[in-house]
Amino acid sequence: GMDGTPPPASPAGLSAYVAVSQLLGLTLLVTTGAWLGRYRGGVAWHSSLQFNVHPLCMVLGMVFLQGDALLVYRVFRHEAKRSTKVLHALLHGLALVIALVGECQGLGGQPGLAPAFGGNRLLSTGIIAVFESHRAKGIPDMYSLHSWCGMATFVLYLLQWLLGCGFFLFPGASFSLRSRYKPQHIFFGISLFILSITACLLGITEMLLFKISDSYSHFVPEGILANMLGVLLVAFGLVVGYVLTRDDWKRPPLAEELALSMDFKTLTEGESPGGGS
């Protein structure tokens with residue numbers, strides 16, 4: 001604390017669960033990379049491999065980083081609320097940008113590519129990667145359940161982020177307005193995380209049925225690896241969800257925050273700081 005006493009330790013078990021979540025998150029990324037690298041030709045920004053940017057960006061941004069952004073208030077328990085809030089917003093912002101902006105190396109010197117591709121660094125997005133690759137191959141857009149769930153999740157996630165910044169980061173929202181919006185923000189935060197994982201599971205299934213529909217039922221290695229990726233996604237979601245829903249693991253308000261919120265209440269609602277309501 002501010003008076004020189006060490007901050008109280010994190011609750012027993014919390015650190016272990018957070019460590020497991022990070023281990024699962026990294027395993028997710030490695031498994032996604034292994035699937036795309038071993039069976040789908042890798043990740044690159046040209047006609048045939050352009051699409052592979054998409055699963056990688058989505059697992060990194062909409063699952064791993066989004067999950068970590070949700071854990072910020074459990075992990076940083078004794079830091080100033082303001083800096084914890086900024087980190088929460090930044091991680092969600094980064095997740096949005098990666099879902100929208102996976103940065104890929106332009107493919108200089110590849111035979112058969114237009115000179116315009118030579119050596120340029122190209123900005124693409126996890127979502128744009130799909131539209132671009134569909135356009136190149138003449139595949140229609142936005143007809144599958146995966147694309148509906150995925151796009152809805154992304155649009156709502158962006159909206160949630162903008163609302164969160166508006167209510168909690170920028171000055172102007174009153175204390176009573178913030179406290180009215182906060183339960184919605186928390187509910188939709190967890191819901192969108194669940195929806196993101198759901199969209200990933202639908203996407204994996206869709207990709208397997210497109211690419212290996214003939215051999216999938218024979219337990220081929222690619223099918224098993226992609227199924228394992230699905231299981232890991234669910235496991236990551238369950239561990240993060242457990243940490244978030246344990247009441248006794250919620251971030252305790254610091255003494256100065258309690259004092260501040262009482263002052264706010266006095267100013268905005270005319271209650272006595274002693275809380276005689």
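Note that the structure is a prediction, hence the values are computed from the model and not measured.
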Peer 1: Are L90 and L169 in one and the same hydrophobic cluster, where Ile, Leu, Val, Met, Phe, Trp and Tyr link if side-chain heavy atoms are under 4.5 Å apart?
Peer 2: yes
Peer 1: Which residue in the set F187, F188, F167, F175 passes ring pair (Phe, Tyr, Trp, His ring centres under 6.0 Å) when paired with Y181?
Peer 2: F167
Peer 1: For residues C200 and V63, report the shortest heavy-atom separation together with the two atoms involved.
Peer 2: SG-CG2, 3.7 Å
Peer 1: A quick test of your reading: do over 12 heavy atoms of other residues, nucleotides or ligands sit less than 6.0 Å from CZ of R246?
Peer 2: yes
Peer 1: Any chance OH of Y143 has more than 12 other-residue heavy atoms, nucleotides or ligands included, within less than 6.0 Å?
Peer 2: yes
Peer 1: Measure the CG-CG distance between L91 and L71 for me, rounded to the nearest 0.5 Å.
Peer 2: 10.0 Å
Peer 1: Does anything in residues 216-231 form a salt bridge (Lys or Arg N to Asp or Glu O under 4.0 Å)? List the pairs, not counting sequence neighbours.
Peer 2: R40-E222
Peer 1: According to the interplanar angle, ranging from 0 to 90°, do the rings of Y242 and W249 count as parallel (below 30°), tilted (30 to 60°) or perpendicular (above 60°)?
Peer 2: perpendicular
Peer 1: Just to verify, which of T198, T153, V240 counts as forming a side chain to side chain contact (heavy atoms under 4.5 Å, CB included) with F193?
Peer 2: V240
Peer 1: Using only atom types and a distance under 3.5 Å, with no angle test, would you say the side chain of Q66 pairs donor to acceptor with the backbone of G61?
Peer 2: no
Peer 1: Determine whether L162 and F154 fall in the same hydrophobic cluster, where Ile, Leu, Val, Met, Phe, Trp and Tyr are linked whenever their side-chain heavy atoms lie under 4.5 Å apart.
Peer 2: yes
Peer 1: Heavy atoms only: give me the nearest V239-S21 pair and the separation to one decimal.
Peer 2: CG1-CB, 3.8 Å
Peer 1: If you define the side chain from C-beta out and look only at heavy atoms, does anything of F131 sit under 4.5 Å from M142?
Peer 2: yes
Peer 1: Going through the checks in order, is the side chain to side chain contact (heavy atoms under 4.5 Å, CB included) test met by L36 and M207?
Peer 2: CA-CA 11 Å; L36 298 173; M207 196 155 158; 4.0 Å; yes
Peer 1: Closest heavy-atom contact between S144 and S147?
Peer 2: O-OG, 2.7 Å
Peer 1: Restricting to non-hydrogen atoms, name the atom on F76 and the atom on R251 that form the minimum distance, rounded to 0.1 Å.
Peer 2: O-NE, 3.3 Å
Peer 1: Please evaluate residues I204 and L233 with respect to the criterion side chain to side chain contact (heavy atoms under 4.5 Å, CB included), reporting the C-alpha separation (whole Å), side-chain torsions for both, the decisive distance (0.1 Å), and the verdict.
Peer 2: CA-CA 11 Å; I204 291 167; L233 282 160; 3.6 Å; yes
Peer 1: For L163 and F168, run side chain to side chain contact (heavy atoms under 4.5 Å, CB included): C-alpha distance rounded to whole Å, both residues' side-chain angles, the deciding distance at 0.1 Å, then the answer.
Peer 2: CA-CA 8 Å; L163 284 170; F168 300 119; over 6 Å; no
Peer 1: Would you say that more than 12 heavy atoms from the other residues, nucleotides or ligands in this model lie under 6.0 Å from the NZ of K182, or not?
Peer 2: no
Peer 1: Is there a continuous path of hydrophobic side-chain contacts, each under 4.5 Å between heavy atoms, that joins L202 to I197?
Peer 2: no
Peer 1: What I'd like to find out is whether the side chain of T84 reaches to under 4.5 Å of the side chain of R77, using heavy atoms alone.
Peer 2: no
Peer 1: CD1 of I190 to CG of L195: how many Å apart, nearest 0.5 Å?
Peer 2: 12.5 Å
Peer 1: Side-chain heavy atoms nearer than 4.5 Å, only ILVMFWY residues, links allowed to pass through others: does that put L87 and F170 together?
Peer 2: no
Peer 1: Of all the heavy-atom pairs spanning A95 and L65, show the shortest one and how long it is.
Peer 2: CB-CB, 3.9 Å
Peer 1: Atom CG of L24 and atom CG of L29: how far apart are they, to the nearest 0.5 Å?
Peer 2: 11.0 Å
Peer 1: Supply the atom-to-atom distance I127 CD1 to C57 SG, rounded to the nearest 0.5 angstrom.
Peer 2: 10.0 Å
Peer 1: Does the plane of the ring in H88 sit parallel, tilted or perpendicular to the ring in H92? Use 30° and 60° as the thresholds.
Peer 2: perpendicular
Peer 1: Distance from N227 atom CG to L208 atom CG, nearest 0.5 Å?
Peer 2: 6.5 Å
Peer 1: Check whether S215 reaches the backbone of H218 with its side chain - one donor and one acceptor, N or O, closer than 3.5 Å.
Peer 2: no
Peer 1: Decide yes or no on side chain to side chain contact (heavy atoms under 4.5 Å, CB included) for L14 and R74, but give the supporting numbers first.
Peer 2: CA-CA 8 Å; L14 173 60; R74 302 295 177 272; 4.3 Å; yes
Peer 1: Once you round to the nearest 0.5 Å, how far does OG1 of T27 lie from CG of L232?
Peer 2: 6.5 Å
Peer 1: Mind listing the closest non-hydrogen atom pair of A129 and V53 along with its distance?
Peer 2: CB-CB, 4.1 Å
Peer 1: F64 and V30: same hydrophobic cluster, using ILVMFWY side-chain contacts below 4.5 Å?
Peer 2: no
